[in-house]
Amino acid sequence: MAAIIYDMEIPSSIPADKMFKAFVLDGDTILPKVLPHAITSVQTLEGDGGVGTIKLTTFGEGSVHKSVKHRVDGLDKENFTYSYTIIEGGALDVFETISYHIKIVATPDGGSICKNRSIYKPKCDAQVSEEEIKAGKERASGIFKKVEAYLLANPDTY
């Protein structure tokens, strides 16, 4: 089955450098803070945070999945890009691969736009509904907006 590709853009009033630092570079610490019921922890299992690093995200009680491991595929701090691939857990019972490509772009008004491309490669016999993909996009947007709200509430953090 062909890959399912979804592009999404999420605007923010937070400058690109601050959003990238919070959302990507410090995400292991910030995500469990801003989403304590959804994400209980993010741990580095191997590596130093750069390309090749393996991380384990543990989800909160009541989540569909207990945890997911992902591998960092790309990290460019100057251009605010980050990409990673799910390598274990999560929805890999339905998908061969799931990868995400994030780019945070500065806007003329001093804010930013998070450009997110999600690539899902379903297993040959898997059925994936539009609703399931839409729900995933809404979760991703919600995470970004929670980080934005945290930064707005704590302007001196970054």
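In what follows, every heavy atom counts, from backbone to side chain, and hydrogens, waters and symmetry copies are set aside.
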Which pair of non-hydrogen atoms, one from [X] and one from [Y], has the smallest distance, and what is that distance?
X: Y100; Y: S118; answer: CD2-OG, 3.3 Å
X: D48; Y: T53; answer: N-OG1, 3.3 Å
X: P122; Y: A2; answer: CD-O, 3.6 Å
X: A106; Y: A16; answer: N-CB, 3.8 Å
X: K77; Y: L25; answer: CE-CD2, 4.0 Å
X: M8; Y: A140; answer: CE-CB, 3.7 Å

Side-chain donor-acceptor contacts of residues 17-24 below 3.5 Å, not counting sequence neighbours, with atom names and distances?
residue: K18; atom: NZ; partner: Y158; partner atom: O; Å: 3.3
residue: K21; atom: NZ; partner: D26; partner atom: OD2; Å: 3.0

All side-chain hydrogen bond (donor to acceptor under 3.5 Å, both in side chains) counterparts of [X], not counting sequence neighbours:
X: Y82; answer: H70
X: T85; answer: D73
X: D76; answer: N79
X: D109; answer: T107

For [X], what residues pass the side chain to side chain contact (heavy atoms under 4.5 Å, CB included) criterion, not counting sequence neighbours?
X: T40; result: T58
X: E138; result: K134
X: R139; result: A135
X: V105; result: K103, K115

Would [X] end up clustered with [Y] when hydrophobic side chains under 4.5 Å apart are linked, directly or stepwise?
X: L92; Y: Y6; value: yes
X: V51; Y: I98; value: no
X: L152; Y: Y150; value: yes
X: V94; Y: I119; value: no

* Asked: With clusters built from Ile, Leu, Val, Met, Phe, Trp and Tyr whose side-chain heavy atoms come within less than 4.5 Å, directly or transitively, what are the remaining members of the cluster of L56, listed by chain and number?
  -> L45, I54, I87

* Asked: Once you round to the nearest 0.5 Å, how far does OG of S83 lie from CZ of R117?
  -> 12.5 Å

* Asked: If you measure from NZ on K121 to CD1 on I4, what distance do you get to the nearest 0.5 Å?
  ->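 So the gap between those two atoms works out to 10.0 Å.
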
Table please: side-chain donor-acceptor pairs of residues 27-34 below 3.5 Å, with sequence neighbours left out.
residue: D28; atom: OD1; partner: K55; partner atom: NZ; Å: 3.1
residue: D28; atom: OD2; partner: K55; partner atom: NZ; Å: 3.0

Any [X] side-chain heavy atom under 4.5 Å of [Y] side chain:
X: F59; Y: V68; answer: yes
X: I102; Y: Y84; answer: yes
X: F95; Y: I86; answer: no

Acceptor/donor pairs from residues 141-148 side chains to any protein atom, 3.5 angstrom cut, sequence neighbours excluded:
residue: K145; atom: NZ; partner: P11; partner atom: O; Å: 2.7
residue: K145; atom: NZ; partner: E148; partner atom: OE1; Å: 3.1
residue: E148; atom: OE2; partner: S12; partner atom: OG; Å: 2.8
residue: E148; atom: OE2; partner: S13; partner atom: N; Å: 3.1

